[in-house]
Amino acid sequence: MTTALLMTLDLLAAVLAAATWLGAGVAAASRRPRTALALLASAVLASLARAGVVAGLAGSGWWFVQEKVTVALPLLLVTGVAATVLAAPRLVRAVRSQADADLAGSPAVVVALLGAGYAAAGGLAGTLLMGYPATLSTALITVAVVAVAMLVTWRIVAGPGRSPRIVIAITLVTGLAGTGLAFFPSPTMDDGLDHTLSHSGMGHLAMAAGSPAKPQGRPVTSLRGPAAPAAGGVVRRYTLSAETAAITLSSGRKVDAWTFNGQVPGPPITANVGDLVEVRLRNANIRSGVTLHWHGYDVPAGEDGVPGLTQEAVLPGQEFVYRFLADRQGTFWYHTHEVSDLGVRMGLYGTMVVGPPSAGVDLTLPVHTFAGRTVVGGRDQPLDQRVSPGTQVRLRLINTDNTPHRFTLAGTPYRLVAVDGTDLNGPGELDRTGLRLPAGGRYDLTFTMPADHDVVLNTDDRTPSVRLTRQASAPTTTAGTTADTTASAAAGVTASATEDTKSWPDLDLTTYGTPATTPFTAADTFDRRFTLVLDRGLSLAGGRPMYAYTVNGHAFPSIPTEIVSTGDLVRLTVVNRSRDIHPWHLHGHRVLVLSRDGRAPTGSPLWLDTFDLQPGEVWEVAFRATNPGLWMNHCHNLVHADQGMALHLAYEGVTTPFHGAHGG
Ligand code: C2O
Ligand code: CU
């Protein structure tokens, strides 16, 4: 059984347990001992079922059950046993003899049954509202709330007069202690984080993190790119002006957008290895401000474009010049990092491809949802292109949205040759296979234009996004269609361009390609290890109380910073305890996948900058800390990032002059 399924079963069992305990109490209070007994029996079964599911879930990792094992189940056990012992014999007597009928509604029975119901509901609320990790504070508060509910019930059922003082006193003390503890940093449970720095602003990071013997900190603003290209390279100069504009999609539909130079996507940035990329960002009229972040490109920290951390947001009338060396080939993209959820959604993004470009047809295809329409490379209608058979074709898919997109390529076998800008090792031929691209991620596909098929790229199995038609054999559409039908019947294996692609299985990246040696492996000794448990919970995100997206129970900016030193080998364990997909993204570094759900990849090494965590998944990744700076580590569903799911990775000794409690 998968972890996600166990998580769902646990919720169901918890709801069922709460409902049956409460139902038993209500039935008893309304003097229906038979119903009460039946519900009591169901409640005991539901409670046992929950315990069983939790035991199963524990096999997926302590993170999935911590709050259930330490709070919910003990509370349910104590109240459930008490309720059974107190209520069951009395209910049986009430059923047996008319003379004992009143026993069903006695305060002891009703309060005990309802109490177990409150405990079951309290445990469920703890899972849903607090999430991971339960602290002593949340445990005490849960107990106090259940106790208060029981006292109030007692008062109502037994009438005034006999208030058990001692119980009131204990409840008060528990509640106050729990509330008080909430103001102290939570005792380290097992979140694996370095708690030496409980930070609330980044300004004093170096002082808090560095040892006293350390020399003065290095400001992140001094970590900038070079002024000249490498030998043989040239300077690639771009000026991007952030401005609002009404743009017209290819269908003629008009949308109000935030643009670079009046276009969406912004101007494509291209360079060859060795070139110096110099981009002058101007803000014409984007009132919330704008920056440029080079997604997946490991630029020096001062060029990374994170407002409040590496620079101030560029406000209307201001400008900022970015400079970095194109030192690695591949497909990347850029986007604003100020109010990035809104900014990227409105159109402040573009593509960046570092070559040399491949021969043949080379299409860069950023996918974006604009006004509810899927826009590929700025078009909301299929791009039609004639390609002569035998031509090498490369498609560079870039997901600029918040959620995954599924791509299918019909009409030809193909290879997935690069992921997130890094070439895969020994990528095999794929046919009738879907590709699920995480938010922020990139896939490069290659194939040779076939002589017998047109080729269609579909996005989300709906409409075609790109249609490549054979140049020589398609003088009229009728002829093309006829040729298609005959050819696919003859070829048999290769999907025709018109085939329904919905049933095609998704490629599992962890089994694709062939293994190769990597600079480090899971067997190495790691200098730092961090565990990030992704969940939801009531929290303050940037000062606003909300049902936030949390990491280890906290929301930005109060998630403890990951501190590393230059040269460290760092291992990250990322756990998705929530019911959402989280595309996890680290700035400034590529990470090597060590395992997903405990299984090491069996195919090509996977170097990613964004990886999707499905509900219940646990990923282990690692990187060498060789790019000093202050970096964001966040969910690339930018709605989640905005609502708390973001933290910092800081190199010891690097400081920021900016306010820090921000990240766009
Ligand atoms: Cu593309 Cu901080 O993100
Ligand atoms: Cu997320």
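None of these values were measured; they are calculated from a predicted model. Numbering of ligands and ligand atoms starts at 1, following listing order. Reckoned from all heavy atoms, side chains included, excluding hydrogens, waters and symmetry mates.
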Do His636 and Trp584 have ring centroids that are under 6.0 Å from one another? no
Return the set of protein N, O or S atoms whose distance to atom 1 (Cu) of ligand 1 is under 2.8 Å, each given as residue and atom. His295 ND1, His335 NE2, His636 NE2
Please identify each residue that fulfils salt bridge (Lys or Arg N to Asp or Glu O under 4.0 Å) with Arg379, with sequence neighbours left out. none
Is a side-chain donor-acceptor pair under 3.5 Å present for Asp420 with Thr422? no
Regarding Thr369 and Arg345, is there a side-chain donor-to-acceptor distance under 3.5 Å anywhere? no
Atoms of the protein (N/O/S only) found under 2.8 Å from the Cu ion (ligand 2): His582 ND1, Cys635 SG, His640 ND1
Determine the interplanar angle of the His368 and Phe370 rings, folded into 0 to 90°, and report it as parallel if under 30°, tilted if 30 to 60°, perpendicular if over 60°. tilted
With a 6.0 Å cut-off on ring centres, are His589 and His587 close enough? no
Can you tell me which residue pairs pass the side chain to side chain donor-acceptor pair (under 3.5 Å) test with a partner in residues 537-547, sequence neighbours excluded? none
Hey, are Thr331 and Arg396 close enough side-chain-wise for a donor-acceptor pair under 3.5 Å? yes
Just checking, Arg536 and Tyr549: is the charged tip under 6.0 Å from the six-membered ring centre and within 45° of the axis? yes
